[in-house]
Every structure is written in C-alpha cells, then in structure tokens.
Amino acid sequence: MSRKAVAVLYEAGDSAKEPRLLGCKENELGLRSFLESKGFKYVVLSDKEKLLDKELPDTEILITTPFHPAYVTAERIAKAPKLKLCVTAGVGSDHIDLHAANKAKITVAEVTGSNVVSVAEHVVMQILALVRNYLPAYTQVIKGEWDVGAIAKDAFDLEGKVVGTVGVGRIGYRVLQRLKPFDCKELLYCDYQPLDAQREAAVGAKRVTFDELIQRCDVITINCPLHDSTRDLFNKEVFDKMKKGTYLVNTARGAIVNRDALVEAVNKGIVRGYAGDVWYPQPAPKDHPWRTMPRHGMTPHYSGTTLDAQKRYADGTKDIIQRYLEGKPQKKEDLIVENGEFINKSYVQPGKV
C-alpha cells in the first residue's frame, strides 16, 4: 500500500491558470510528480472539514498553509495514527495544536523566512494607506465624486509620528528597516528579548514595555506569533489604555486582536484606522464585523503569498519533505516541534509580549 501525503489548499478557479500561483489546490505546490516518484499517493483538498477527516487515518504527511488553514486539533491528531510530519507551506503554525503534536511525536516544520519580505512590504503599504487616508480617497474617485476636504481632514504625514512594532523578529525588524527612511519621530519595539545593540542602532529603534508602546505610539504594527500569551492581546483593557487616534496594522494573526473590542475601539475613535489581512476564523464569514466597521483597510490573507513568496515556500516545503524522506536533519530554523519538544521557543513565551 502506498504512503499518503495530504495538502489542504485554497481553490483559485480561473486564477490558477497563472502557473506561478503554486499555493492553490489546482497547482498543488508543484509537488505531485515529486511525491508520486517517492511512492506517495498525493491528495489535495480545499475542504478543511469532512473530506480532510476522511483522509486523516492513513495520512503520513500533512501540508497546510496559513492562508487557508486546516485546524489540526488534538482530536484530529488522535484520528491520524500514521501522521509523522506536518508542514506549513509558509510561516506560522498556530493552526496546529503543538502540544498535541508533541505528545504524538509529530514533527511540525514551516518554511521560515519564505515570506518575511512580502509581509513587511504589506505592513508598510497598509500603514501608509491608513495614515494618508488613501482608501476613502480612492473610493471617491470610483464613485465619481470630488471632495478634497472630506479626505484631507483625516490625512497625515508619517514623518514625525511615533511608530512601534509588537514583536521584532524577522518580519518586525524588516518593517523597522523600511520605516527608517520616513524620518518618524521614534521607532519603538517590544519583544520578550532585545535586539543586539548593532541591529538596534542600525534601525534607530528603542525597546520599551508593551504598556509604554500602546500609550505612546501613533501607529502600531503587530508582528508577533499567536500563542497562549498573545491570543486576545489587544482586548478592551488594552484599547482603553491606548493613545486616542492610534492606527493599528495586524498582519500577524487575527486572534491576537479581540474581534468585538476592536470594533468598539474603532467606533469610539480610540483606533483611528485598522488594517491587516488576518482574520479568525479564515476564510472570514460574510458577517464578520471587521468587514463593515468604519475606517478599515482589511484585505484577505495574502500578504505573505505573493508569487515570489509562493516559489520560496513551495521550494521550502519540498526541501522539508525531502529531508524527512532521506532521514536528514531539518534546518533548525524551520522546526517548530520535534521529538516531543518545542524547538522554536517563540511559540511558548511566558506572559505577554
């Protein structure tokens, strides 16, 4: 009986005619010939529920993505006694119950660094879109309107503003690098560990506490992993402490921001504008209140899945599987859990960021 690998990917329809759109169901991460040559049956699904559950009992390798996440719960892991490797084609493995994976001695790996540039660029784009009030201006043009005052009364320069990042890992640091030329008044960061002095000086950033960051910043960008301590990190209590009129951008994970508390903060003007491309759950239901709240710049989760990034994470997924099949060590930076232990410590930080 052949071995089985299962991938859960979004359906792209006509868009899949673009062959570089590797991350969709139709184009299968470009892995079919490779996996079949290794004796695997390769099953590619978009259904994250019944069809996935049907395939799990004899699945050895499970491939998921952050963009169309299949939630690999403890219950699902219990239904998959042959599961040995979970690969995230992209970055961010919070859709997998990592504690349950450890108990089952399943290796969880992701393609670290594959989309950090893509996401950092998206963050800067959305910061500028909010601060410059771009989206309402664009909407005016589409509607055939012309009211400069209505746009300009809420448009600002980024120069001279205090900007901070929650989390200063591979993405957060690149965001700071890209913001430095804008001559912001200050660039701040909070993280459980400081940057080394050389990297900190290179971007001109200062480390502060989380409370100081939310009280001082004009713009906040969230670039930390989702784990037990960051889930609902931005809740009503935090919004009530924030500087009134702050812009907030979240390309990390939707569940870091409390859904209803954010809507209330936007309506009160505590948050002047919110943007990002991460939701919980994903895909976001049609009645998700972030879709219709005022002054938002939300997009579907695509910041880390540009065509350039897709090539990187498809290649990285193949490399992880190749190493697994050949019994070679995985790249340490790609490992989340292995042999019942957390390798990537960012998923198990104590306390809030």
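- Aromatic pair H301/F67: centroids less than 6.0 angstrom apart.
- Within 6.0 Å of the CZ atom in R132, the count of heavy atoms belonging to other residues, nucleotides or ligands does not exceed 12.
- If you take CG on D232 and NZ on K236, they are separated by 14.0 Å, rounding to the nearest 0.5 Å.
- Side-chain contact between D260 and L262 is absent, with no heavy atoms from C-beta onward closer than 4.5 Å.
- Side-chain contact between T306 and Q310: absent, with no pair of heavy atoms (C-beta onward) separated by less than 4.5 Å.
- One finds a salt bridge joining R3 and E60 here, because a Lys/Arg side-chain nitrogen approaches an Asp/Glu carboxylate oxygen to under 4.0 Å.
- Residue D218 forms a salt bridge (charged side-chain N to carboxylate O under 4.0 Å, His left out) with just one option from K161, R272, K243, and that option is K243.
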Would E49 and D47 count as a side chain to side chain contact (heavy atoms under 4.5 Å, CB included) if you check the C-alpha gap in whole Å, the side-chain angles of each, and the deciding distance to 0.1 Å? CA-CA 6 Å; E49 303 300 334; D47 187 300; 3.7 Å; yes

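- Side chains of T209 and D211: no donor on one and acceptor on the other come within 3.5 Å.
- Side-chain atoms of T230 come within 3.5 Å of backbone atoms of P225 as a donor-acceptor pair (strictly under, hydrogens ignored).
- Under a 3.5 Å cut-off, the side chain of K241 and the backbone N or O of Q215 do not form any donor-acceptor pair.
- Rounding to the nearest 0.5 Å places CD of E237 at 8.0 Å from CG of D240.
- Looking at L158 and C184, their side chains come closer than 4.5 Å, going by heavy atoms from C-beta outward.
- Proximity of C86 to T64: side-chain heavy atoms (C-beta onward) are nowhere separated by under 4.5 Å.
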Check the pair V162, L188 against side chain to side chain contact (heavy atoms under 4.5 Å, CB included), reporting the backbone distance first and the verdict last. CA-CA 8 Å; V162 179; L188 307 177; 3.7 Å; yes

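- Across all non-hydrogen atoms, the minimal contact from D97 to I77 is O-CD1, 3.8 Å.
- In summary, K4 and D58 engage in a salt bridge, as defined by a charged side-chain N under 4.0 Å from a carboxylate O.
- At least one side-chain heavy atom of K38 sits under 4.5 Å from a side-chain heavy atom of Q322.
- Side-chain contact annotation: S93 with T88, donor-acceptor N/O pair under 3.5 Å present.
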Steps toward side chain to side chain contact (heavy atoms under 4.5 Å, CB included) verdict (V111, T317): CA-CA 7 Å; V111 190; T317 298; 3.8 Å; yes

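- Atom CG of D14 is surrounded by 12 or fewer heavy atoms from other residues, nucleotides or ligands within 6.0 Å.
- Taken to the nearest 0.5 Å, the CZ atom of R174 stands 14.0 Å off from the CG atom of L179.
- When atom types are taken as modelled, the side chain of H227 and the backbone of D94 share no donor-acceptor pair closer than 3.5 angstrom.
- Using modelled atom types and a 3.5 Å distance limit, the side chains of H68 and S46 yield no donor-acceptor pair.
- Side-chain polar atoms of N223 and T165 form a donor-acceptor pair below 3.5 angstrom.
- A donor-acceptor pair is defined here as one N or O able to donate and one able to accept, closer than 3.5 Å; no such pair exists between the side chain of Q282 and the backbone of P300.
- A salt bridge does not link E75 to K79: none of the charged nitrogens lies less than 4.0 Å from a carboxylate oxygen.
- The aromatic ring centroids of Y274 and F234 lie 6.0 Å or more from each other.
- Ring geometry, F342 versus H99: the interplanar angle exceeds 60°, so the pair is classed perpendicular (tilted spans 30 to 60°).
- Side-chain atoms of T305 and Y313 form a donor-acceptor pair, as typed in the model, at a separation below 3.5 Å.
- Using modelled atom types, no side-chain atom of E28 and backbone atom of L22 make a donor-acceptor pair closer than 3.5 Å.
- The pair R312-D308 does not meet the salt-bridge criterion, since no charged nitrogen lies less than 4.0 angstrom from a carboxylate oxygen.
- Checked by atom type and distance alone, the side chain of N27 never pairs as donor or acceptor with a backbone atom of L29 at under 3.5 Å.
- In summary, the side chains of T251 and D277 do not present any donor paired with an acceptor at a separation below 3.5 Å, with no hydrogens or angles considered.
- A salt bridge is absent between E333 and R170: the closest approach of a Lys/Arg side-chain nitrogen to an acidic carboxylate oxygen does not fall below 4.0 angstrom.
- Note that CG of D334 and OG1 of T112 are 4.5 Å apart. Values are rounded to the nearest 0.5 Å.
- Not a single donor-acceptor pair under 3.5 Å links the side chain of E186 to the backbone N or O of V163.
- Looking only at distances, no side-chain donor or acceptor of D191 sits under 3.5 Å from a matching main-chain atom of P194.
- Residue F156 places its CZ atom among more than 12 non-hydrogen atoms of other residues, nucleotides or ligands, all under 6.0 Å distant.
- Look at D53 and R76 and you find a salt bridge, because one of the NZ, NE, NH1 or NH2 atoms lies within 4.0 Å of a carboxylate O, short of that distance.
- When all heavy atoms of G297 and A275 are compared, the closest pair comes out as O-CB, 3.7 Å.
- Between the CG atom in L31 and the CD atom in E36 there is a gap of 11.0 Å [rounded to 0.5 Å].
- The number of heavy atoms from other shown groups lying within 6.0 Å of CZ (R20) does not exceed 12.
- Nearest heavy-atom pair, L213 versus C190, reported as atom, atom and distance to 0.1 Å: CD1-N, 3.9 Å.
- The two residues S15 and L21 make their nearest non-hydrogen contact at O-CD2, 3.6 Å.
- Other residues, nucleotides and ligands contribute more than 12 heavy atoms inside 6.0 Å of the CD atom of E326.
- Of the possible polar contacts, one joining the Y173 side chain to the R199 backbone as a donor-acceptor pair under 3.5 Å is found.
- Looking only at side-chain heavy atoms (C-beta outward), Y138 and P136 stay at 4.5 Å or farther from each other.
- At distances below 3.5 Å, at least one donor-acceptor pair connects side-chain atoms of N102 with backbone N or O atoms of E341.
- When hydrophobic clusters are built by joining Ile, Leu, Val, Met, Phe, Trp and Tyr residues whose side-chain heavy atoms come closer than 4.5 Å, directly or via intermediates, V124 is grouped together with L130.
- In this structure, R259 is not positioned above the aromatic face of W279 in the sense of NZ or CZ being under 6.0 Å from the six-membered ring centre and within 45° of the axis.
- Put simply, CD1 on I127 and CZ on F182 are 9.0 Å apart, with the number rounded to the nearest 0.5 Å.
- Inter-residue side-chain proximity for C224 and Y192 is flagged as unmet; no heavy-atom pair is nearer than 4.5 Å.
- What you find for T246 and C217 is that their closest heavy atoms are OG1-O, 3.3 Å.
- Contact check for Q126 versus T299: side-chain heavy atoms found under the 4.5 Å cut-off.
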